[in-house]
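Since the structure is predicted, the reported quantities are computational estimates derived from the model, not experimental observations. Side chains included, hydrogens not; waters and symmetry mates left out as well; all remaining heavy atoms used. So you know, we letter chains A, B, ... as the sequences are listed, proteins then strands, and number each from 1.
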Amino acid sequence: MPHAADDHARPEGASDANDAPPGAHSDTGAQATGRGPRNRYTAALAEEIETRWQRQWEQHEAFRAPNPGDVGFDPAKPKFYALDMFPYPSGSGLHVGHPEGYTATDILSRYMRMRGRNVLHPMGWDAFGLPAEQYAVVNNVHPRDTTVKAITTFRRQLKRFGFSYDWSREISTIDPAYYRWTQWIWLRCYHAWYDHRVENKGRAPGRARHIDTLIQDLAKERLLVGPSGELIEPGAQGALGSIGGEPMGGVSGGFARKWIELTEQERKEVVDSRRLAYLGEQTVNWCPALGTVLANEEVIDGRSERGGHPVNRVPMRQWMFRITAYADRLLEDLDLVDWPHSTRTQQAEWIGRSEGAEIDFPLFGPSGEPEQQSLRVFTTRPDTVFGATFMVCAPEHPLVDEITTPGQRASVEAYRAAIAGRSDVDRMESKDKSGVFTGAHAMNPATGERIPVWIADYVLMGYGSGAIMSVPGHDERDYEFAAAHGLPVRVVVAPEAGAIVEPPYAGQGVGVGSSNSEVSLNDLPTPEAKRVIIAWLETEGLGSGTVQYKLRDWLFSRQRYWGEPFPVVYDEHAEPHPLPESALPVVLPDLDDFRPTESDDPKPPLGRAGDWLRVEIDGKTYTRETNTMPNWAGSCWYYLRYCDAHNDERFIGEEAERYWMGGGGVDLYMGGAEHAVLHLLYARFWHKALHDLGFVSTPEPFRKLRHQGLIQSYAYQRSNGSLVPTDEVEERDGAFVEIKSGEPVKQIVAKMSKSLKNVVNPDDVIAEFGADTFRLYEMYMGPIEAAKPWNTRDIIGPFRFLQRVWRLAVDEDTGELSLRETPHEGVERALHKATHKVRHDIENLAFNTAIAAMIQFVNEATGEGVTRDQLHRFVRILAPFAPHICEELWSRLGETGFVSLAPWPAHDEAMLVDDTVEIAVQIKGKVRAKLMVPAGADAATLETLALEHPDVRSFLEGLTVRKVIAVPGRLVNIVAT
RNA sequence: GCCGGAGUGGCGGAAUUGGCAGACGCGACGGAUUCAAAAUCCGUUGCCCGAAAGGGUGUGCGGGUUCGACUCCCGCCUCCGGCACCA
């Protein structure tokens with residue numbers, strides 16, 4: 001049935017030309033049911049309108065954003081970069097959580113276009129990596145096939161929402177034209193080192209520089225090489241870049257050597273070990289089930305983030321990123337960005353900066369004589385050193401072999417074997433303080449006492465120096481260990497002078513019993529005691545103040561197929577050689593057998609790639625790296641590629657980068673809070689490295705970040721707490737009962753899950769109500785950042801709203817526009833208020849209240865009707881939210897362009913305030929009367945009017961007025977007794 | 001255990017940051033329309049007492065500051081998120 005649009009759409013005077021861009025309406029059936037008025041806004045009409053306008057946008061490339069230098073680029077327009085976290089195209093398609101953030105950024109993007117911004121709003125696919133690959137493995141299909149198919153589905157679904165993406169910038173991380181540059185960035189990091197000497201105007205020092213500058217500095221002896229490979233400035237104390245990377249032996253002494261004194265091999269090792277992307281021998285997280293190693297960030301409670309498989313710690317030679325060099329800057333620069341508090345906190349905690357001291361405890365030899373060697377510990381409480389009654393090393397500590405006495409060797413070996421066999425999960429589950437004595441002793445440098453050295457797995461090799469001074473009086477773990485093994489406890493800190501201390505007391509206070517012939521901490525408050533003892537240790541050469549981080553270097557190799565190959569080959573001595581840029585991209589070979597090998601040692605699938613593995617360069621044969629990059633690689637810089645998606649000369653053009661990333665980076669980045677540490681930390685790190693190396697202009701990638709809240713679903717719970725699938729529950733008389741048993745169940749909010757059958761498919765919702773309604777509903781549910789339950793019953797509300805909008809403009813019987821000639825005063829005022837509020841709320845991402853304001857306007861206007869001019873304005877404020885229906889009404893108003901690109905309507909500030917306002921009159925805090933007064937009435941006037949009010953007077957009978965508070969525009973409060 | 005965030009009608013949620021609590025939507029109830037139903041439209045709707053007028057009460061709990069507190073302070077409870085043998 002035709003919906004008469006062609007017959008009635010054009011108002012008098014409007015051009016009937018149907019060759020204008022958005023023009024012609026089709027005659028496809030709008031009234032699927034054939035019931036109700038012919039021109040009512042139904043799901044069928046919504047679908048017809050929506051798909052038609054989506055075609056129009058696409059044909060006219062309505063949302064294509066020109067780059068500087070492109071045709072149509074207007075340099076006077078400020079830019080706005082609205083970015084969504086691009087999805088993994090999983091096999092199951094979009095769920096309702098995806099479009100939540102996407103709709104929010106879309107509304108803002110559309111609004112910003114209407115406000116005259118050049119808007120970059122792109123979309124792409126994060127298509128490499130474990131999720132896609134695991135899906136492929138399970139279904140025994142090549143990951144490329146499943147991924148490409150999933151992308152097609154995602155793209156179709158996203159287009160159906162009417163998101164205003166610039167699809168010409170679509171990128172996919174699996175496209176060789178994209179990952180060529182991922183590999184290129186990795187090479188830039190390989191050819192870079194971190195120079196901690198560079199000052200940054202009072203901010204945390206250091207900057208990545210080309211590796212050649214390191215070689216020059218070494219050759220010119222501006223840098224020397226220390227005994228364990230660390231870099232030393234001539235004349236300066238301590239090593240540069242002491243965090244991360246270096247093996248910690250705790251051995252002090254030795255001399256710095258000059259470049260000229262090093263062998264060729266030593267030089268190579270020194271340089272290679274300083275690279276930003278380096279090959280490191282590390283204890284890594286090996287996940288046998290996934291057949292790959294994982295980054296620290298991908299391991300949660302000893303299990304893989306994906307799949308929840310156990311993870312073991314084994315030493316391996318792997319590609320690493322020196323993210324630890326950036327620890328201070330990553331921490332400090334959190335104050336440059338507008339991010340949710342919780343996300344910043346999580347990053348700060350992950351970086352885990354802690355200030356303290358390194359202290360060397362001299363070791364005694366087997367027969368009790370002092371040795372050259374000492375055991376270095378890290379502590380945040382150097383002020384408690386007088387209370388250190390024993391020491392504990394991590395079982396893997398390199399000195400343990402040396403210091404263990406023959407008598408203890410058997411038990412030490414047995415303990416280490418027991419530990420090695422335990423997975424991290426086991427180690428975490430049992431928190432009992434196990435450990436064994438090594439037989440060795442060290443000297444407490446403060447007290448001069450001989451104290452025993454133990455090993456225990458509660459001390460981790462990966463933190464600090466892998467050894468601790470144990471202060472059972474002031475550390476809970478040490479106390480438990482001491483209690484379990486009968487070791488002495490000494491109190492050296494009291495909350496206040498003279499207080500009785502019940503160990504363990506971990507708080508601050510003042511030193512007690514903490515003195516030797518040279519230094520005393522007694523009665524010194526903790527911060528002061530720390531300063532004093534560190535100064536003393538430094539004078540004595542026994543230690544120094546230092547900073548430790550929880551952050552570890554980023555393990556970047558994966559023993560998987562579905563990822564970016566490294567642009568690296570190995571020679572016959574297994575020495576790595578980077579490929580030249582001309583060799584990029586290193587294309588991932590097609591493998592029939594792409595499955596990972598479940599095993600206890602790494603066997604990357606690319607090892608089976610046959611001819612691909614051998615590369616001939618200058619007559620020499622090399623073997624390719626068979627590890628691949630983790631799925632985070634592609635997402636570390638995709639936001640940059642969008643700015644210049646088809647540049648094949650550079651990963652991003654300089655001009656495009658300066659324009660779109662200007663002003664502090666992405667203007668709004670919207671995505672899930674689950675990426676708080678992983679993606680967001682990695683991307684910041686790459687960005688900073690690229691910034692240091694001169695490739696990007698801003699220190700931070702994402703100026704403003706917001707998370708969309710989780711969309712939950714209802715579930716039903718029996719009285720015993722077990723959950724019932726949604727389809728086995730029905731509502732009877734306002735209560736929920738399980739159909740099978742008739743037992744009452746409780747409605748609760750839960751995560752959507754297949755087992756509970758409460759997953760909502762957006763395709764179904766759109767089929768029933770249309771995309772405009774879907775968009776409105778998701779935004780109307782509540783604040784964008786809040787978790788909120790999907791309630792199918794509520795969707796009808798936004799749908800009715802659109803019906804009312806439609807009816808406000810269109811006669812449901814004739815299909816003609818039905819407008820009044822002269823504006824109604826109240827409606828006009830309401831429209832100005834709505835325009836103002838919607839604008840304000842969009843800018844504050846308060847979409848739920850913006851929609852409420854528009855509903856309120858339509859409710860007010862419904863009885864009175866609107867003029868052509870009013871509809872013309874209203875359609876524009878609604879357009880960012882429900883763009884399709886607005887395009888339709890816009891064209892019926894005779895406009896030939898897109899409402900999506902029309903200017904935002906102005907509002908008149910004078911129209912926002914009413915001439916008269918209602919003032920509440922309170923007596924003793926309770927509202928007893930209301931006054932209608934002119935908007936500008938002052939306090940004195942209000943007071944007089946209030947006291948004259950008959951209701952007030954009768955209330956005040958027999959009372960004495962003590963005080964009157966009058967707040968202009970608000971209320972009057974009369975205090976009487 | 002530590003660090004964040006939050007607790008408002010039957011439900012989702014508002015409240016310009018100290019000024020009329022409950023905007024807006026859902027649901028429910030009543031009415032219009034309809035042969036009827038659906039859809040749509042109009043009205044009512046925090047709770048308690050009352051036929052009504054009206055009164056009382058009310059933002060997790062207990063105190064406090066203030067003319068006035070969902071909002072600020074102190075002490076608890078519950079839920080959600082993060083971290084957790086990090087020295």
Kindly indicate whether the side chain of A:V964, heavy atoms from C-beta on, has any atom under 4.5 Å from the side chain of A:V972. yes
Keeping the roles fixed (side chain from A:E812, backbone from A:R40), state whether a donor-acceptor pair exists under 3.5 Å. no
Whole Å only: how far is the NZ atom of A:K926 from the P atom of B:A21? 10 Å
Taking pairing as Watson-Crick or G-U wobble with both contacts under 3.5 Å, can you name the mate of B:G30, or confirm there isn't one? B:C42
Please report the distance separating the C1' of B:C24 from the corresponding atom of B:C76, rounded so that it comes out in whole Å. 35 Å
Nearest-nucleotide 5' precedence on RNA chain B, A:W350 against A:Y780: A:Y780
Heavy-atom neighbours of A:E476 CD exceed 12 at 6.0 Å: no
Suppose you measure atom P in B:C67 against the same atom in B:G13; what distance do you get, rounded to whole Å? 36 Å
Report yes or no: is there a donor-acceptor pair, N or O only, under 3.5 Å between the side chain of A:R804 and the base of B:U40? no
Partner nucleotide, any strand, of B:G9 [Watson-Crick/G-U, under 3.5 Å]: none
Out of B:A87, B:C24, B:C83, minimum distance to the side chain of A:K550 belongs to B:C83
Roughly how far apart, to the nearest Å, are B:C72 and B:U66 at atom C1'? 10 Å
So for atom CZ, which belongs to A:R953, do other residues, nucleotides or ligands contribute more than 12 heavy atoms lying within a distance under 6.0 Å? no
Separation of atom NZ in A:K930 from atom P in B:G54, rounded to whole Å: 12 Å
Is the base of B:G9 syn or anti, where syn means the angle lies within 90° of 0? syn
Kindly label the base of B:U17 as syn or anti, based on whether its glycosidic torsion lies within 90° of 0. syn
Give a yes or no on whether the ring-centroid distance for A:F774 and A:W790 is below 6.0 angstrom. yes
Report the distance from atom CG of A:L710 to atom P of B:G81, rounded to the nearest whole Å. 9 Å
What is the distance from NZ of A:K837 to P of B:C24, rounded to the nearest Å? 12 Å
Here the distance between atom P of B:C86 and atom CZ of A:R381, to the nearest Å, is 14 Å
Residue closer to the 5' end of RNA chain B, A:N848 versus A:R800 (nearest nucleotide): A:N848
